[in-house]
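These notes concern the structure reproduced below.
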Amino acid sequence: MTAEAATPGRDATRVPVRRLTVLYDAECALCAHVRDWLGRQAQLVPLDLIPAGSAEARARYPRLDHAATLDDITAVGDAGQVYRGAAAWVVVLWALREHRPLAHRLSTPTGMRLAKGAALAAARWRDGRWGRGQEGGAVYRRADGWSYDPSWGWSYGPPGCEDGTCAPRRGA
C-alpha cells in the first residue's frame, strides 16, 4: 500500500495513522451507501467522512487536488498521508475492526490486484459505464434533479420545476 505526502518533506509511509478522513462523492448513490456503511462499522482508527470538493474538504486540505478526489476515493491520514483508489479502499478497511484482517490480505501484491479490480468495478459502475446501452447506464445525481427513495426507487424532478410546469425529461 502506498501513500503520497500531502505535506512536503514528510515520509508518509513511516508515519503512524491515528485518524483518517475519507473524501467521497456525495452526489453518487454508491458512494453515499458506502459512507453510511462505514459510519455503522466499529472503527479502530476514527474516520471522518467528508464530501469531496466541499468547502470543508477545501479548508482542511488546501493543497489537495480536489477535482481528483471527485474521480476516485481519497483517504487522508492525520499526518498528511494521501491514499487514492485501491490503496484508499485498503487503508479504510484497515481502519475497521472487523475488516482489518482483510485489509492486510489485500495489501499484498496479489491482494492489491484484487483491490484494484474492485475499485475499477466500482468506478465503472459509478461512472455509468456498467451496462451502457442495456440498462441506460446513467449516473443519477441530485444536482440534475434525481432523488432516491428506498420504497419508490429513483424519481426525477427537473431543477427549477417545483411548480410542475416543466416538461418531463426524456427517458425519465
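Any value given below was found using the heavy atoms of this structure, including those in side chains, with hydrogens, waters and symmetry copies removed.
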### Message
Please check: side-chain N/O of Gln81 versus main-chain N/O of Ala79, any donor-acceptor pairing under 3.5 Å?
### Response
yes
### Message
Using 0.5 Å steps for rounding, measure from the CG atom of Leu23 to the SG atom of Cys31.
### Response
11.5 Å
### Query
Are Val76 and Tyr83 close enough that some pair of their side-chain heavy atoms sits under 4.5 Å apart?
no
### Side-chain donor-acceptor pair present, Thr69, Tyr24, cut-off under 3.5 Å
no
## Note on the structure
What one should report as the nearest heavy-atom pair of Ala75 and Leu20 is CB-CD2, 4.3 Å
### His33, NE2: over 12 other non-hydrogen atoms inside 6.0 angstrom
no
## Note on the structure
So CZ of Arg105 and OG1 of Thr110: to nearest 0.5 Å the spacing works out to 13.0 Å
### Query
Hey, mind stepping through Trp89 and Leu106 against side-chain contact (heavy atoms from CB on, under 4.5 Å) and telling me if it holds?
CA-CA 10 Å; Trp89 285 110; Leu106 291 175; over 6 Å; no
### Task
Side-chain contact test, heavy atoms from C-beta onward, threshold under 4.5 Å: evaluate it for His66 versus Leu64 and give yes or no.
yes
### Task
Heavy atoms only: give me the nearest Trp94-Arg100 pair and the separation to one decimal.
O-NE, 2.7 Å
### Query
Roughly how far apart are Asp65 CG and Asp72 CG, rounded to 0.5 Å?
11.5 Å
For residues 40-58, dump all side-chain donor-acceptor pairs below 3.5 Å to protein atoms at least two apart in sequence or in another chain.
unit_1, atom_1, unit_2, atom_2, d
Arg40, NH1, Asp36, O, 3.4
Gln41, NE2, Trp37, O, 3.3
Gln43, OE1, Leu47, N, 3.0
Gln43, NE2, Leu38, O, 3.4
Asp48, OD1, Arg19, NE, 3.3
Asp48, OD1, Arg19, NH2, 3.1
Asp48, OD2, Arg19, NE, 2.9
Asp48, OD2, Arg60, NH1, 3.3
Ser54, OG, Pro51, O, 2.8
Ser54, OG, Ala57, N, 3.1
Glu56, OE2, Arg60, NH2, 3.3
Arg58, NE, Gly53, O, 3.2

### Query
Would a distance-only check, ignoring hydrogens and angles, find a side-chain to backbone donor-acceptor pair under 3.5 Å from Arg84 to Thr74?
no
### Query
Is the backbone of Val17 close enough, under 3.5 Å, to the side chain of Asp78 for a donor and an acceptor to pair up by distance?
no
#### Entry: Separation between CZ of Arg35 and CG of Leu30, rounded to the nearest 0.5 Å
11.5 Å
